[in-house]
Amino acid sequence: MNRAEKAALQLRAVDVLRMLKETRTYDELAETTGLPAGDLNRYVNGHVLPGTDRAREVVEDLGREALAAELDARIAVDDEGYVDNSATVFDQPFLDLAAPVVANGFDFDRPDVVLTAATDGITLAAALASYYGVRCAYAKKSKETAVEEFIEARQRLQSGIELTYYLPASAIDPGESVLVVDDLIRSGETQELLLDIAHTAEADVAGVFALIAAGEDGIERARGRTDAPVGALTSVAPTTGRVTND
Ligand SMILES: O=P(O)(O)OC[C@H]1O[C@H](OP(=O)(O)OP(=O)(O)O)[C@H](O)[C@@H]1O
Ligand SMILES: Nc1ncnc2[nH]cnc12
């Protein structure tokens, strides 16, 4: 690891600790991390940087587990298994703090573009794009006025309804690397449409990520479409109720 990579890892660890500190006292943070409260205080306040080994532990293992627990505490699941994750997707500062943990915990290569589907994936995609310092793009269910050329992806859903997503063709250049993200993956149909868009754009796929997997079908479906890493931070049981897709 060269000096710059070491510094980047140390700074990411500080980001993770700051995210965890949002909802904890220093004593609680010491309990979560197994690190002394005094050291944690110095890291969080930016007076001292954690050593490389500590930084790696914080970023790769601890951060991911703690973030998953934080996410679980923020989501509500109704009796048919539908997820209300407004407390997460409406909280941009939380997602900004989550981004380094996601980026480092899932082995994604740094993309050129983070791609999602409007609407609920947008804040997560923005947080990851900002973390990587790259563009964020979102496909929509309608064509934006004044855009001349679109990439379209259409699919007939399990429900029988046809769904089309449109992305301005200028959003992704051939040969660019795309990280496909969404707040939630259930059937995987939305992610598949986004992967179709990446394919039409002649882009490479850096990975597929969702904050929440409702069942395993969507993750498996995405894995069938790419060799890049595919993952979700947490999972809930699949829906039991009527399947809707508006
Ligand atoms: O894996 P899937 O079965 O495709 O489901 C996941 C998709 O469903 C939700 O979006 P929705 O279509 O409800 O649109 P919204 O983001 O505008 O709410 C969610 O934000 C994902 O994009
Ligand atoms: N909020 C949600 N919960 C579970 N499955 C879904 N599929 C689409 N939106 C969903």
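Quantities reported herein were computed from a predicted structural model and do not represent experimental measurements. Order of appearance sets the numbers: ligands from 1, and atoms from 1 within every ligand.
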Option set V83, N85, I75, criterion heavy-atom distance to atom 1 (N) of ligand 2, minimum: V83

Proximal candidate to atom 19 (C) of ligand 1 [heavy atom criterion; set I122, D183, V89, D120]: D183

Test item: R156 and I161 side chains (from C-beta on) under 4.5 Å apart, heavy atoms: no

Close side-chain approach of T23 and E70, heavy atoms under 4.5 Å: yes

Go through ligand 1 atom by atom and flag the ones less than 4.0 Å from a non-hydrogen atom of [X].
{"X": "A118", "value": "16 (O), 17 (O)"}
{"X": "R186", "value": "1 (O), 2 (P), 3 (O), 5 (O)"}
{"X": "D182", "value": "20 (O), 21 (C), 22 (O)"}
{"X": "S187", "value": "1 (O), 2 (P), 3 (O), 4 (O)"}

Check ion pair E149-K143 (N to O, under 4.0 angstrom): no

Residue-ligand contact [X]/ligand 1, heavy atom below 4.0 Å:
{"X": "K141", "value": "yes"}
{"X": "G121", "value": "no"}
{"X": "A117", "value": "no"}

I172 with Y165, same ILVMFWY side-chain cluster at under 4.5 Å: yes

Within reach of ligand 1, part of T119 (heavy-atom separation under 4.0 Å): both

Let me have the donor-acceptor pairs involving side chains of residues 116-134, under 3.5 Å, with sequence neighbours excluded, atom names and distances please.
from, atom 1, to, atom 2, distance (Å)
T116, OG1, V181, O, 2.7
T123, OG1, V89, O, 2.6
Y131, OH, R12, NE, 2.4
Y131, OH, N104, ND2, 3.3

Geometric N/O contact G188 with ligand 1, under 3.5 angstrom: yes

Ligand 1 to Q191 polar contact by distance, N or O atoms, under 3.5 Å: no

Polar side-chain atom of E220 near backbone of D217 as donor-acceptor pair, under 3.5 Å: no

Pi-cation contact, Y82 with R186 (under 6.0 Å, within 45°): no

Proximal atoms of ligand 2 relative to T239 (non-hydrogen, under 4.0 Å): 4 (C), 5 (N)

N or O pair under 3.5 Å between Y82 and ligand 2: no

Shortest non-hydrogen contact between V101 and V59, atoms and distance: CG1-O, 4.5 Å

Test salt bridge (charged side-chain N to carboxylate O under 4.0 Å, His left out) applied to D39 - qualifying residues, sequence neighbours left out: R42, R54

